[in-house]
Amino acid sequence: MKHLEDYREIVGDNVITEIYRKARKLYGRHIVHINSTFMGGGVAEMLLSIAPLMNYIGLNADWVTFHGNQDFFTLTKKIHNALQGDRIHWTKNKVNLYLNTNRNFSIYTHLGENYDLVIIHDPQPLPLIRFYKKVQPWVWRCHVDLSHPNETVWNFLKNFILRYDLVIVSNEKYKNDIPIKYKIIHPAIDPLSLKNMELDNETIRKYTKKFRIPTDKPLITQISRFDKWKDPEGVIEVFKIVKEKVDARLVLCGSMATDDPEGYRILERVKRKAKRLIDKGDVILLTYENNVLVNVLQRISSVIIQKSLKEGFGLTVTEALWKGKPVVASRVGGITLQIEDGVNGFLVDPMDYEGTAQRIIEILKNPELAEELGRKGKETVRKKFLITRLLSDYLDVFNELLG
Ligand code: UDP
């Protein structure tokens, strides 16, 4: 287990002292985080680091993973997509499946009596609040881009959201029309996790060999679930343009999250689209769930791309910036909180394949530019997007609600 003091060298002593100060009135308080997957995606990633740290500084923090079957997760993925603006065919059956799964979960978990504070992550377990006697503050921590939600779904979800004491979103623009208390908290990465820690050359060599990743040509990499919002097919198009000017390889790495059943279908489409390049070895698709592999890929790549069409925050961008890599990413959602165009990375219009390819080529041809962008990117993350800042923000919320 990591100690908070292990972060001293990275964030400095003041940050550590401030966290201990904020924790003082919270010793022994029981907090529970509930989300819907233990692996894959940014939420699981953050809980894996933040829950142990909360315990280390004197709280009792649990992390409970919500249960649902394949149909449930297919539905909640549709709800997730609708919250990001998609259409949805909203039926009585869908409502029943959503509510019954939440009701069933409440039958074998006793949140009511056991906790001083409940934090619900994302829409899957949102309705749980209806199935307990509410005897403590509940927080809905929504990681999704809520700027233009589908109205039918949003209106339905309000039936639950209104009961919450606080809604936390990742971006000022995701505040909505609900007359409820909002707080903006930006996500963060753990610089000491397997995914972000420093790696020696030997480990990097071992991984590139094991996962058969040739390093004879520059690598352009996108690390993201196979999801339409991450636009892996668009990445292939961009790569084809780059390839006309610079010989390079593209790596698409996307593990399969248990709460995202769409992934396999999209992966198949990518395979069809890039077949010729895959056969030649110039496009490499990886679907392993392996944090060190992600770390290695981010370190050995010449450019990291994040061609999302929508992006709640985009932890993959943060991770790449932290490794001092030049990032070319879409000017959407939370990515704009992290990248200042031309300063610590490049922002591009996600529909502008040509412009995106040009930025990648520019970086590949200019190592000094690559280094300068990367250096500034790392500083941005050190100042704003590390797990210690996230912990500190959560402690503010707890003090406010429990103080
Ligand atoms: N991730 C991973 N393996 C993969 C693809 C993604 O570990 O093959 C991780 C990635 O490193 C990041 C998280 O999943 O930590 C994705 O978070 P992000 O905010 O970028 O997107 P989300 O998946 O939550 O929409």
Side-chain angles (χ1 to χ4, degrees), residues 35-50 73 76-77 79-81 83-84 121-124 141-146 169-171 174 185-197 207 211 213 221-232 235 250-264 266-267 270 284-299 301 304-323 325 327 329-330 332-339 345 381 385-387 390:
N35 81 317
S36 67
T37 180
F38 60 92
M39 56 155 260
V43 180
E45 182 71 23
M46 276 186 285
L47 288 174
L48 203 59
S49 290
I50 202 94
F73 287 122
T76 53
K77 186 65 203 290
I79 294 177
H80 170 106
N81 290 345
L83 284 177
Q84 300 207 132
H121 292 262
D122 283 338
Q124 299 90 342
R141 195 330 172 191
C142 182
H143 299 264
V144 179
D145 178 342
L146 289 177
V169 289
S170 301
N171 193 334
Y174 305 163
I185 296 186
H186 299 148
I189 61 163
D190 182 349
L192 300 180
S193 69
L194 291 174
K195 187 171 287 176
N196 297 307
M197 67 189 189
Y207 271 75
F211 291 96
I213 306 159
T221 301
Q222 173 160 298
I223 290 162
S224 274
R225 291 176 294 108
F226 287 95
D227 176 309
K228 67 173 181 176
W229 304 105
K230 313 286 185 186
D231 197 18
V235 177
L250 173 70
V251 179
L252 289 178
C253 175
S255 63
M256 300 296 174
T258 55
D259 63 349
D260 182 4
E262 271 182 347
Y264 293 97
I266 291 178
L267 175 63
V270 171
I284 299 169
L285 303 182
L286 302 170
T287 54
Y288 309 100
E289 169 70 25
N290 187 316
N291 284 336
V292 180
L293 174 64
V294 170
N295 193 340
V296 168
L297 285 172
Q298 286 162 339
R299 287 179 196 278
S301 297
I304 298 288
I305 172 166
Q306 189 61 51
K307 217 199 131 322
S308 307
L309 305 175
K310 290 255 179 180
E311 192 60 76
F313 182 73
L315 281 174
T316 48
V317 170
T318 331
E319 290 159 8
L321 294 175
W322 179 243
K323 278 135 201 153
K325 287 294 159 179
V327 179
S330 302
V332 297
I335 294 175
T336 58
L337 299 169
Q338 305 184 59
I339 295 185
V381 177
F385 303 120
L386 292 182
I387 198 86
L390 180 61

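Each ligand, and each atom within it, is numbered from 1 in the order the structure gives. Only heavy atoms go into these numbers, but all of them, side chains included; no hydrogens, no water, no symmetry mates.
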message: Among all the protein's non-hydrogen atoms, which is closest to atom 16 (C) of ligand 1, and how far away is it?
response: G42 N, 3.5 Å
field: For atom 5 (C) of ligand 1, closest protein heavy-atom neighbour
entry: I223 CG2, 3.6 Å
Within-cut-off N or O pair, K230 and ligand 1, under 3.5 Å: yes
- prompt: With side chains defined as the heavy atoms from C-beta onward, is the minimum distance between L83 and P123 less than 4.5 Å?
  reply: yes
message: Distance under 4.0 Å to a non-hydrogen atom of G314: what atoms of ligand 1 satisfy this?
response: 19 (O), 20 (O)
- line: the protein heavy atom lying closest to atom 23 (O) of ligand 1 turns out to be R225 NE, 2.8 Å
Nearest non-hydrogen protein atom, atom 8 (O) of ligand 1: S255 N, 2.6 Å
Numbering as shown, the atoms of ligand 1 that approach V294 to under 4.0 Å (heavy-atom distance): 2 (C), 3 (N), 7 (O), 11 (O)
task: With heavy atoms under 4.0 Å as the rule, classify the contact between E319 and ligand 1 as side chain, backbone, both or neither.
output: side chain
query: Which residue owns the protein heavy atom closest to atom 14 (O) of ligand 1, what's the atom, and how far is it?
result: G41 N, 3.5 Å
message: Checking the side chain of E289 only, and the main-chain atoms of S255 only, is there a donor and an acceptor separated by less than 3.5 Å?
response: no
- request: Using a 4.0 Å heavy-atom cut-off, say whether K195 meets ligand 1 through its side chain, its backbone, both or neither.
  value: side chain
- prompt: So, K325 side chain and S301 main chain: donor-acceptor pair closer than 3.5 Å or not?
  reply: yes
task: For L315 and P187, work out which heavy atoms get closest and say how close.
output: CD2-CB, 4.1 Å
- request: Could you tell me whether the side chain of F211 reaches within less than 4.5 Å of the side chain of L297, counting heavy atoms only?
  value: no
message: With respect to Q298, determine whether any N or O atom, backbone or side chain, lies less than 3.5 Å from an N or O atom of ligand 1.
response: no
query: With S224, which of E311, Q306, K307 fulfils side-chain hydrogen bond (donor to acceptor under 3.5 Å, both in side chains)?
result: Q306
field: Proximal ligand 1 atoms for T316, defined as those under 4.0 Å from one of its heavy atoms
entry: 10 (C), 12 (C), 20 (O)
message: Are the side chains of N295 and K323 in contact, using a 4.5 Å heavy-atom criterion?
response: yes
- request: Taking the side chain as every heavy atom from C-beta outward, state whether I185 and L390 have any atom pair closer than 4.5 Å.
  value: yes
task: Answer yes or no: does an N/O atom from S224 fall short of 3.5 Å to an N/O atom of ligand 1?
output: no
- request: Consider every N or O of L315 and every N or O of ligand 1, then say whether any pair is closer than 3.5 Å.
  value: yes
- prompt: Sub-3.5 Å donor-acceptor pair from the side chain of N171 to the main-chain atoms of F313, do we have one?
  reply: no
